[in-house]
Amino acid sequence: MNVMPAANSKHKYLVLGLLCLGWIINYFDKVAINVAVIPIAQEFGLSETQVGLILSSFFLSYAIMQPIGGSLADKFGSRKVILISVICWSVFTILTGTAWSFLSLIVIRFLFGIGEGSYPSASSVAVAESFPQHERARAKSILTSATTIGAVLATLVAASLSKHYGWQTMFVILGVLGLFLALLYAKFLHPTGSQAVKAKSSADKLPLKDLLKISMLWKLMAIYFGISMVNWGMMSWMPSYMVKVRHLDMVSMGALASIPAILSFFTVLGTGWMLDKRMVGREKYVISIGSLIGIISLYLLSKAPTVALVVTYQAFASIGLGAAVTTTLTMPLKYISPSSVGAASGLIYLGGQIAGVIAPTAMGFMIQQFNGSYDAAFWLLIIATAIPFVVGMTLRTGSTSRQEPPQAVTPSV
């Protein structure tokens, strides 16, 4: 057995820290539009359906880039793909602040999605390049927890910046922050430890047609689709719901939105530890139980009579779905050949981003059709949560099996 040198052992944590910072800023740029659409809709006179289309235009291109970005990271390494992604999304974040019409917002957000779309799967490749298999669930859970930090800060920061400086200046500030991140990556992001050498020299890289034969990947795509319908639907419309229906001001809304995200942060970290230590081969139970908690919590949220109960039930939903999504995203790192992690992760992320295309527009359409009522929109999310609950119970993984195409299963080391 080869032992990773001490320098490389320390460097992998630097890589992980930089990737976490990238996810936080990624969420700043991604979530800011959900707050900004409130003044944007007033300024441009947009309907709920048009707002939904603006939010969904990003996810359409973002979804397309998921498997492409993952395959590129498998081929060329994660560093190059991540650098290009960060620069592109930062430039289009700045350009969002220059939008002058509904159509210009659609185009800019579509291009923004192309720029950002490679980052999720490329960051998974960076984890696989830097960490041995038995540490990847914890490393990925830390990375996933960074998204909850981003969600905590993004809504609050975006609401404050938009209120004090206007939505246009807010996007410029966030874009410049992303360009500064690119400079940090150019200097310090080098996921080139022994795991990277092993991945790049591996001869068992799977072509896309063989990856598509792995039934577990299709199931994980469906699970991530259902969870993401809730995540992106809530992220897109809860700010408007809390302001328009529950009559909160922007800053109060942003502060309350941080509570479910903080609880989700601790859930994600705890789930990563549990997956590596206690639940190897039993991941399906985490997904299904977490999804059931989400179903019950979303139903109670839709009937909640007070703001306090809305936040409470949203927090329980975040805990359940946080456990389920962490499990889903770590499974490729544990059960797929290291040389194909990028493409496999990209396919799973594709399922989630398809949900991102559908959820904001579908919810906006339902809200408009029901004269501002959110009841039908919440039922859409409840039904979506049933997908990971049902599909999760059909997952089959052995505690020592790595998923390969039919007739090519090999034991993991």
Side-chain angles (χ1 to χ4, degrees), residues 19 22-37 51-73 78 81-96 99 104-125 143-144 146-147 150-151 154 158 171 174-175 178 181-182 220-237 325 328-329 332 342-364 384:
L19 293 173
W23 270 109
I24 293 170
I25 295 176
N26 173 301
Y27 260 66
F28 274 23
D29 296 349
K30 188 184 303 180
V31 173
I33 190 67
N34 302 327
V35 174
V37 291
V51 169
L53 288 171
I54 290 172
L55 299 175
S56 291
S57 62
F58 156 77
F59 288 104
L60 178 59
S61 55
Y62 193 58
I64 293 170
M65 284 302 298
Q66 299 294 309
I68 296 173
S71 295
L72 291 172
S78 61
V81 176
I82 288 173
L83 267 175
I84 293 171
S85 178
V86 173
I87 292 170
C88 289
W89 97 51
S90 300
V91 168
F92 286 112
T93 298
I94 293 171
L95 290 177
T96 302
S104 67
L105 276 169
I106 291 284
V107 173
I108 292 171
R109 296 306 290 180
F110 182 85
L111 295 173
F112 172 72
I114 292 176
E116 197 170 82
S118 296
Y119 188 82
S121 47
S123 66
S124 291
V125 173
L143 205 57
T144 304
T147 69
F171 282 113
L174 295 178
L181 173 68
L220 292 176
M221 284 179 66
I223 291 167
Y224 195 49
F225 171 84
I227 296 172
S228 297
M229 283 288 293
V230 180
N231 288 342
W232 294 124
M234 296 283 282
M235 199 173 294
S236 299
W237 285 103
V325 76
T328 303
L329 295 178
S345 297
L347 289 171
I348 295 170
Y349 277 117
L350 174 63
Q353 308 324 320
I354 290 173
V357 175
I358 296 172
T361 298
M363 288 184 69

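Using a 4.5 Å cut-off on side-chain heavy atoms (C-beta onward), F112 and V91 make no contact. In this structure, the side chains of I114 and F58 stay at 4.5 Å or more apart for every pair of heavy atoms. Counting heavy atoms from C-beta on, the side chains of L347 and Q66 never come closer than 4.5 Å. Put simply, the side chain of L350 does not reach to within 4.5 Å of the side chain of Q353, judged on heavy atoms. Taking the side chain as every heavy atom from C-beta outward, F92 and R109 never approach each other to under 4.5 Å.
Under the rule for a side chain to side chain donor-acceptor pair (under 3.5 Å), the partners of W89 that lie at least two apart in sequence or sit in another chain are D29. For W237, there are no ring-ring contact (aromatic ring centres under 6.0 Å, His included) partners, not counting sequence neighbours.
In this structure, CD1 in I87 is found 12.0 Å from CD1 in I82, a value given to the nearest 0.5 Å. Taking CE of M229 as the start and CD1 of I354 as the end, the distance is 11.5 Å to the nearest 0.5 Å. Remark: I54 CD1 to N34 CG distance equals 11.5 Å, nearest 0.5 Å. To the nearest 0.5 Å, atom CG of residue L111 and atom CG of residue L95 are 8.5 Å apart.
Y224 and Y349 have perpendicular rings, their planes meeting at more than 60° on a 0 to 90° scale where under 30° would count as parallel. Using a 30° and 60° split on the angle between ring planes, W23 and Y27 fall in the tilted class, from 30° to 60°.
Closest approach of P332 to S345, counting heavy atoms only: CB-OG, 4.0 Å. The minimum heavy-atom distance linking V86 with G178 is given by the pair CG1-O, 3.4 Å. In terms of heavy-atom proximity, G175 sits nearest to I94 at CA-CG1, 3.6 Å. The two residues G342 and S121 come nearest to each other via the heavy atoms O-CB, 3.6 Å. When all heavy atoms are compared, the tightest approach of L174 to A32 is CD1-CB, 3.7 Å.
Formation of a donor-acceptor pair under 3.5 Å by the S236 side chain with backbone atoms of W232 is found in this model. Using modelled atom types, no side-chain atom of T361 and backbone atom of I358 make a donor-acceptor pair closer than 3.5 Å. Remark: side-chain polar atoms of T147 are not paired, donor with acceptor, to backbone N or O of L143 under 3.5 angstrom. Side-chain atoms of S56 come within 3.5 Å of backbone atoms of V357 as a donor-acceptor pair (strictly under, hydrogens ignored).
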Quiz prompt | Residue pair L55, V37: steps toward the side chain to side chain contact (heavy atoms under 4.5 Å, CB included) verdict | solution = CA-CA 9 Å; L55 299 175; V37 291; 3.9 Å; yes

TODO: Test I348 against F225 for side chain to side chain contact (heavy atoms under 4.5 Å, CB included), laying out the working first.
DONE: CA-CA 8 Å; I348 295 170; F225 171 84; over 6 Å; no

